[in-house]
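To start, the structure itself, in structure tokens.
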Amino acid sequence: MRYNEKELRALSRQPAELAAELGMRGPKKGSVAKRRLVKLVVNFLFYFRTDEAEPVGALLLERCRVVQEEPNAFSISFVEDPERKYHFECCSREQREQWTEALRQASYEYMRRSLVFYRNEIQKMTGKDPLEQFGISEETRFQLSSLSKDGRSVCVSPRLVDLD
């Protein structure tokens, strides 16, 4: 997937679904937790130095796994490289739960599966395809058949984006 740095910077300035100052430790061995402003915008997790307006980097939240670690911590790893984990430390258990839930729901695939599920439920109840009025009912991205057996699609790869 290609990223346009200018567009990513503009996206990082958009209103966030969730934002907080968290402890963040990268995947490198021996890295230490640093305070970062972490901001969830659509399906990107941007992280900033606390005293800077431009992001240090971003994680594309596709094909990733969010795991609750310690009582106040969670990690993000990616299917292609599960050993490469980003660790985040929250102030409370409640904050950790809020972040893990928001991150799990942020991916395109989660939203797509939800759309397909609700589309099928509406179609069962009404006998009509709710997407038909928009002329997109036959598009493959809205079909159940394009999902794998575990309900996941294999379209998008995660990429770490360094904006330095």
Side-chain angles (χ1 to χ4, degrees), residues 1-117 140-141 144-164:
M1 179 179 268
R2 290 185 179 192
Y3 299 99
N4 178 316
E5 189 175 319
K6 189 175 181 179
E7 288 175 347
L8 274 177
R9 288 184 196 279
L11 182 62
S12 75
R13 294 182 191 104
Q14 296 298 313
E17 281 84 20
L18 199 55
E21 202 172 293
L22 303 175
M24 180 181 171
R25 187 166 36 99
K28 292 181 184 172
K29 298 274 188 223
S31 67
V32 296
K34 297 177 183 173
R35 295 306 288 176
R36 296 282 186 236
L37 172 60
V38 180
K39 188 174 172 182
L40 176 61
V41 180
V42 192
N43 60 343
F44 277 94
L45 188 66
F46 292 97
Y47 49 98
F48 303 75
R49 290 186 181 92
T50 55
D51 58 345
E52 294 180 11
E54 295 298 320
V56 176
L59 298 173
L60 175 60
L61 299 173
E62 297 300 333
R63 298 183 44 80
C64 68
R65 188 166 174 218
V66 179
V67 177
Q68 295 180 5
E69 298 284 343
E70 302 155 18
N72 297 345
F74 65 91
S75 66
I76 299 174
S77 61
F78 295 95
V79 172
E80 284 80 9
D81 192 2
E83 298 301 313
R84 188 177 172 91
K85 282 187 180 180
Y86 294 83
H87 296 270
F88 297 87
E89 298 167 4
C90 300
C91 297
S92 66
R93 184 173 277 167
E94 292 79 22
Q95 186 184 38
R96 182 214 58 210
E97 289 172 7
Q98 182 183 25
W99 273 97
T100 55
E101 186 63 24
L103 292 170
R104 286 182 182 135
Q105 294 178 6
S107 77
Y108 169 82
E109 284 307 313
Y110 176 87
M111 291 182 265
R112 182 183 166 282
R113 282 192 307 267
S114 296
L115 174 86
V116 169
F117 172 79
T140 16
R141 63 185 167 160
L144 278 175
S145 59
S146 64
L147 293 176
S148 66
K149 287 185 171 61
D150 66 355
R152 295 183 179 186
S153 176
V154 289
C155 306
V156 181
S157 299
R159 297 283 182 249
L160 171 65
V161 181
D162 285 319
L163 300 174
D164 281 344

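- Residues F78 and L59 are in side-chain contact: their nearest non-hydrogen atoms beyond the backbone lie under 4.5 Å apart.
- Put simply, CD1 on I76 and OG1 on T100 are 10.0 Å apart, with the number rounded to the nearest 0.5 Å.
- Partners of V42 according to the side chain to side chain contact (heavy atoms under 4.5 Å, CB included) rule, which considers only residues two or more places apart in sequence or in another chain, are L11.
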**Item:** Steps toward side chain to side chain contact (heavy atoms under 4.5 Å, CB included) verdict (W99, V38)
**Value:** CA-CA 10 Å; W99 273 97; V38 180; 3.9 Å; yes
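- Using the six-membered ring where Trp is involved, F88 and F74 have ring planes that are parallel, under 30° apart on the 30 and 60° scheme.
- A distance of 12.0 Å separates CD in E21 from SG in C90, rounded to the nearest 0.5 Å.
- Nearest approach of C91 to N72, heavy atoms of both residues: O-ND2, 3.8 Å.
- Taking CG of L40 as the reference point, atom CD of Q105 lies at 10.5 Å (rounded to 0.5 Å).
- For R96, the side chain to side chain donor-acceptor pair (under 3.5 Å) test picks out Q68, with sequence neighbours left out.
- The structure places OG of S31 at 9.0 Å from CE of M24, a figure rounded to the nearest 0.5 Å.
- Checking each of R25, K85, R93 against E69 for a salt bridge (charged side-chain N to carboxylate O under 4.0 Å, His left out) leaves exactly one that passes, namely K85.
- Under the side-chain hydrogen bond (donor to acceptor under 3.5 Å, both in side chains) criterion, the residue pairs touching residues 36-46 are N43-E62, with sequence neighbours excluded.
- Closest non-hydrogen pair, A20 versus Q95, comes out as CB-NE2, 3.5 Å.
- Among residues two or more places apart in sequence or in another chain, the side chain to side chain donor-acceptor pair (under 3.5 Å) test is passed with Q98 by none.
- Remark: E70 CD is loosely packed, at most 12 non-hydrogen atoms of other residues, nucleotides or ligands lying under 6.0 Å away.
- By the salt bridge (charged side-chain N to carboxylate O under 4.0 Å, His left out) test, E52 is found to be paired with R49, residues two or more places apart in sequence or in another chain being considered.
- Counting all heavy atoms, side chain and backbone alike, S77 lies closest to P82 at CB-O, 3.6 Å.
- For R65, the CZ atom sits in a loose shell: 12 or fewer heavy atoms of surrounding residues, nucleotides or ligands are nearer than 6.0 Å.
- Closest heavy-atom contact between A58 and F46: CB-CD2, 3.6 Å.
- Note that the CZ atom of F44 and the CG atom of L61 stand 8.5 Å from one another [nearest 0.5 Å].
- Heavy-atom minimum distance, P27 versus Y86: CD-CE2, 3.3 Å.
- Residues passing the side chain to side chain donor-acceptor pair (under 3.5 Å) test with E54 are R9, R13, sequence neighbours excluded.
- Rounding to the nearest 0.5 Å places CD of E80 at 10.5 Å from SG of C64.
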